[in-house]
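What follows is a short report on a single structure.
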Amino acid sequence: MPEFALVSRPALPHSPVGDASRVRIEALPEGHVLHVLAAGGRDITPEQLASLGDGTAHAVRRYAPGQWFVVGNEALGSKEYREKAARLGADAAVSDQSHGRVRVAVSGSGARSLLAKGCAVDFSPSVFAVGATAATLYNHIGIHVTRTAEDGFELLVLRSFAQSLWEDLSVNHGEH
Amino acid sequence: MASLIRCPHCGARPKEEFTIRGAAVTRPQPDAGEDAWYAYVYLRDNPMGPFDEYWHHTSGCRRWLVVSRDTRTHETYGVRDAAAVAGESRS
Ligand SMILES: [Zn+2]
């Protein structure tokens, strides 16, 4: 018997803030986050990347040249993770970051202006269409943004910064 | 303007997302001799005008870039991936 029971606690144990008609901030399930890094000089095809996803839209998110995040709502067991990590063979390294990053959804007609309060990225639909991604800052916190719908965004943030990001979003939401 | 950097991978971003390393000087060969290495480590031109610097897109794609800007006007007229620049100078 271990001396202490291990208790899994969510990084963001909060109810959603706001309502979907204006702006809503919601902590998403802590499923899985995989960080994919192409081996030096290797091209990874969209099909290879899609094979790591759970089949949902926007599961694969571009991060930087040769780097992607693959996210999903279901937790992966170590066997499933090893099986996925082996799919790309020597073309890429796949690092399990499910413990390291959490997701926050920002949605509603005011989502774009709430993000604009902390980000310098141009989120107009002509520049940042559905499916577009950006690694950037919200205030001083590093985030990865994906537009998942016309009025919907997902933010991926380091777990230890999640609470601070939540507070920043909540404060800015209160000004709406 | 140098307050808005057009990263070749991320698009236009504010300078707060970047870390500036300094002049993009070419590293000498290991056996280039003491004078060449002294110059590489310590001597800088501090030009008034066009200037190439290494910038790291720390809060974005995390790539090293070579930013070409004018030190008089802060106008930037080129941002390239540092690996691509190194590839050009090798070939
Ligand atoms: Zn960048």
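All chains are named by letter (A, B, ...) in the order of the sequence lines, taking the proteins before the strands, and each is independently numbered beginning at 1.
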If you count every heavy atom of other residues, nucleotides or ligands that lies below 6.0 Å from Tyr81(A) atom OH, does the total exceed 12?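 Correct, the count exceeds 12.
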
May I ask whether [X] and [Y] are part of the same hydrophobic cluster, defined by side-chain heavy atoms of I, L, V, M, F, W, Y residues being less than 4.5 angstrom apart, directly or through others?
{"X": "Phe51(B)", "Y": "Tyr77(B)", "answer": "no"}
{"X": "Leu165(A)", "Y": "Phe153(A)", "answer": "yes"}
{"X": "Leu169(A)", "Y": "Leu158(A)", "answer": "yes"}
{"X": "Val145(A)", "Y": "Val23(A)", "answer": "yes"}

I'd like to check Arg63(B) versus Gln67(A) (side-chain heavy atoms, cut-off strictly below 4.5 Å). Are they in contact?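 Contact flag for Arg63(B)/Gln67(A) side chains = no.
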
For a quick test of reading the model, state the closest non-hydrogen atom pair linking Glu17(B) to Ala135(A) and the distance between them. OE1-O, 4.4 Å

Where is the tightest heavy-atom contact between Ala64(A) and Cys61(B), given as atom of each residue plus distance? CB-O, 3.4 Å

Drop me the distance from [X]'s [atom1] to [Y]'s [atom2], to the nearest 0.5 angstrom.
{"X": "Glu16(B)", "Y": "Asn139(A)", "atom1": "CD", "atom2": "CG", "value": "12.0 Å"}
{"X": "Tyr63(A)", "Y": "Cys10(B)", "atom1": "OH", "atom2": "SG", "value": "9.5 Å"}
{"X": "Ile141(A)", "Y": "Ser59(B)", "atom1": "CD1", "atom2": "OG", "value": "11.5 Å"}

